[in-house]
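Take a look at the structure set out below.
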Amino acid sequence: MLAAVLVVVGLFAGFGANAIISRQRLGSAEEKAKKELERAKKEASKLVAQAREDAAKAVEETRKEEQSRRRELKELEERMVNREEALDKKLDDLDKRTEALRRSEDEVEKLKDEIRQIRAKQQDKLEKIAKLTKSDAAEKLLQMTERDIKHDLLGLINKLQTEAKDNAEEQAALIITTAMERMASEVTAERTTTSVKLENDEMKGRIIGKEGRNIQALQRATGVDILVDDTPGYAVLSSFDPVRREVARQAMEMLMKDGRIHPGRIEEVVEKAQKNVEKDVIRAGEDAAREVGVIGIPKEILHLLGELKYRTSYGQNVLKHSTEMAHMAAMIAEEVGADVKTTKYAALVHDIGKALTHKMEGKHHHISGEILRKYGAPEEVALAAEQHHDDVEATSVEALIVRTVDAISAARPGARNISAENFGERMRELENVANGFGGIEKSYAISAGREVRVFVKPQQIDDLSAIKLARDIATKIESTMQYPGTIKVNVIRETRAVEFAK
């Protein structure tokens, strides 16, 4: 029992102590809460005061900005009003000026009418005084003006022609003289060998052979006609192909040197001569290209170029003529700023058509252009070679240079053997060309056909027409005739006034 009592007493004592402790803790918590609440109230009052202060400041700033904008709007409105007033004023001024201009135009129109009336009265008076109508006076004035202008124009044309001639001749002479001076090669006047000297009559008989077998075999093998009876001591070789003539010449010389002449040996010797000539042709083409410094020429073109070694034009060797032209063309091209390689290439191969003219129809310069294109030469080279004669218009500076050096090389004294008949024929042709124009009294070709003097009828041809006539005659000569160098056309108009003093 005692234990139970003690336990119950202990329990009540514990409950009591726990209650006391709980009340103490609750009191301290309430006190802390009150303190926290008071602190929070203080902070909240501070925040509210700060917020009110910030709001008051924002309201004040907003009010100031609104006042400022109102002032700006008011100023802008005032400026707009001022501008509107200024524009109204300007519009009024423009209306006043427009009205003033309209009145001025009316006055000007009235003045114009008065001036027209005055001019009409003056014109009537002048026509009565001069006894000429307006159209007659205008025609006479035009005639006088035309006469004066024609005279001035004639003087100007003469002056310009003189200046152009002096400058052009000086410059051209300098360039061409320099080229000719640097390329002072010997003038060649040779012909392909067409005859072979026979040692004696015995050798002549051996070449003919029994019943003509040897000479017939030689003719069949070479394609050349051989004449041994026309010229004593010589065998004459006749063929249109100079290469065949060269083969026949070498074959005959080898046969005469060897002494064994019979049909079998003739075939062997002709074959050997053909190989030798073929080598000479190729070597000649390569040497010519190497001499002038042109590389990259196709083999077919080099072969045709080498064949020119055995061709002549009026006694001038064509290959030497071509190499000489190439050197001069390069010099002139350097002076005038043209393409040196193209000019030199075209000058070297410009006459290869002459190696084929008996095999192909057409003029040799047209054939040259076709062959160059066929074997892959540059187009500008083919054009320059094709245009080196006057029947094809030159379309490049290089073509003009090739045409010029061709004339220079061919026109050198002694370069070509041209007979007196050719000179006479050319002179007659020149005179006929000049006489074909109207107003011609007489015409004379002089200086071996390098100049033609034309005397005109002064009643039909005036000074200005004489200048035009000279140009027309020169143009017709260029288009209808072929000639080396240049031909000078002189048109002479002479007026004589004769009177006798008694």
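- A distance of 6.5 Å separates CG in Leu255 from CG in Leu218, rounded to the nearest 0.5 Å.
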Verdict with supporting geometry, His364 and His350, ring-ring contact (aromatic ring centres under 6.0 Å, His included): CA-CA 9 Å; His364 73 276; His350 77 289; 7.5 Å; no
Evaluation steps, side chain to side chain donor-acceptor pair (under 3.5 Å), between Thr395 and Gln387: CA-CA 8 Å; Thr395 57; Gln387 296 168 356; 3.1 Å; yes
Salt bridge (Lys or Arg N to Asp or Glu O under 4.0 Å) assessment of Glu253 paired with Lys257: CA-CA 6 Å; Glu253 289 180 352; Lys257 186 177 181 180; over 6 Å; no
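- Inter-residue side-chain proximity for Leu111 and Glu114 is flagged as met; some heavy-atom pair is nearer than 4.5 Å.
- A pairwise comparison of heavy atoms in Pro298 and Tyr345 identifies CD-OH, 3.5 Å as the closest pair.
- Here the side chains of Val433 and Met481 are in contact, with some heavy-atom distance below 4.5 Å.
- Electrostatic pairing of Glu324 and Lys320 does not count as a salt bridge here, judged by no charged N lying under 4.0 Å from a carboxylate O.
- Here the shortest heavy-atom pairing between Glu431 and Tyr444 reads OE2-CA, 3.8 Å.
- Taken from CE in Met331 to CD in Glu334, the straight-line distance is 8.0 Å, to the nearest 0.5 Å.
- Put simply, CG on Leu302 and CD1 on Ile282 are 9.0 Å apart, with the number rounded to the nearest 0.5 Å.
- Closest of all the heavy-atom pairs between Asn214 and Gly209 is ND2-CA, 3.4 Å.
- You'll find the side chain of Thr222 stays beyond 4.5 Å of the side chain of Arg244, heavy atoms only.
- In the model, Asn435 has a side-chain atom that pairs as donor or acceptor with a side-chain atom of Ser443 under 3.5 Å.
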Working for side chain to side chain contact (heavy atoms under 4.5 Å, CB included), residues Val456 and Gln460: CA-CA 8 Å; Val456 301; Gln460 299 180 15; over 6 Å; no
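- Nearest approach of Ala235 to Met252, heavy atoms of both residues: CB-CE, 3.7 Å.
- Between the side chains of His303 and Glu278, at least one donor-acceptor pair of N or O atoms lies under 3.5 Å.
- Shortest non-hydrogen contact noted between Ile461 and Gly438 is CD1-O, 4.2 Å.
- Side-chain atoms of Val270 and Val247, non-hydrogen and from C-beta on, do get closer than 4.5 Å to each other.
- Although no hydrogens or angles enter the test, the distance criterion places no donor-acceptor pair under 3.5 Å between the side chain of Asp351 and the main chain of Lys354.
- Using a 4.0 Å cut-off between charged side-chain N and carboxylate O, Lys468 and Asp472 make a salt bridge.
- If you run side chain to side chain contact (heavy atoms under 4.5 Å, CB included) between Arg493 and each of Leu469, Val454, Ile467, Asp463, only Asp463 comes through.
- Proximity of a side-chain donor or acceptor of Glu267 to a complementary backbone N or O of Ala221 within less than 3.5 Å is not detected.
- The side-chain heavy atoms of Val489 and Arg453, taken from C-beta on, include no pair separated by under 4.5 Å.
- Side chains of Glu451 and Asn490: a donor-acceptor N/O pair is present below 3.5 angstrom, by distance only.
- The distance from the CD1 atom of Ile401 to the CD atom of Glu335 is 10.5 Å, given to the nearest 0.5 Å.
- At a threshold of 4.5 Å between non-hydrogen side-chain atoms, the residues Thr475 and Arg471 count as touching.
- Note that NZ of Lys210 is 15.5 Å distant from NE2 of His262, once rounded to the nearest 0.5 Å.
- Not a single donor-acceptor pair under 3.5 Å links the side chain of Lys488 to the backbone N or O of Val452.
- Ion pair Arg283/Glu286 not flagged as a salt bridge, since none of the NZ, NE, NH1 or NH2 atoms sits closer than 4.0 Å to an Asp/Glu carboxylate oxygen.
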Pair Leu237-Asp225, side chain to side chain contact (heavy atoms under 4.5 Å, CB included): steps then yes or no: CA-CA 6 Å; Leu237 310 177; Asp225 293 332; over 6 Å; no
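- No more than 12 heavy atoms of other residues, nucleotides or ligands lie within 6.0 Å of CD1 in Ile295, so this atom counts as exposed by the packing criterion.
- Using a 4.0 Å cut-off between charged side-chain N and carboxylate O, Asp258 and Arg265 make a salt bridge.
- For Asp406 and Arg403, the salt-bridge test fails: no basic side-chain N is under 4.0 Å from an acidic carboxylate O.
- Residue Glu379 qualifies as enclosed at atom CD: its count of foreign heavy atoms under 6.0 Å is above 12.
- If you check the side chains of Ser368 and Glu386, you find no donor sitting under 3.5 Å from an acceptor.
- A salt bridge between Glu478 and Lys476 is absent, with no side-chain N of the basic residue lying under 4.0 Å from a carboxylate O of the acidic one.
- The side-chain heavy atoms of Val269 and Ile261, taken from C-beta on, include no pair separated by under 4.5 Å.
- Here the straight-line distance linking atom NZ of Lys374 with atom CD1 of Ile367 works out to 12.0 Å at 0.5 Å rounding.
- Under the 4.5 Å side-chain criterion, counting only non-hydrogen atoms from C-beta, Asp113 is in contact with Arg116.
- When every heavy atom of Ala330 is checked against every heavy atom of Lys344, the shortest pair comes out as CB-CD, 3.8 Å.
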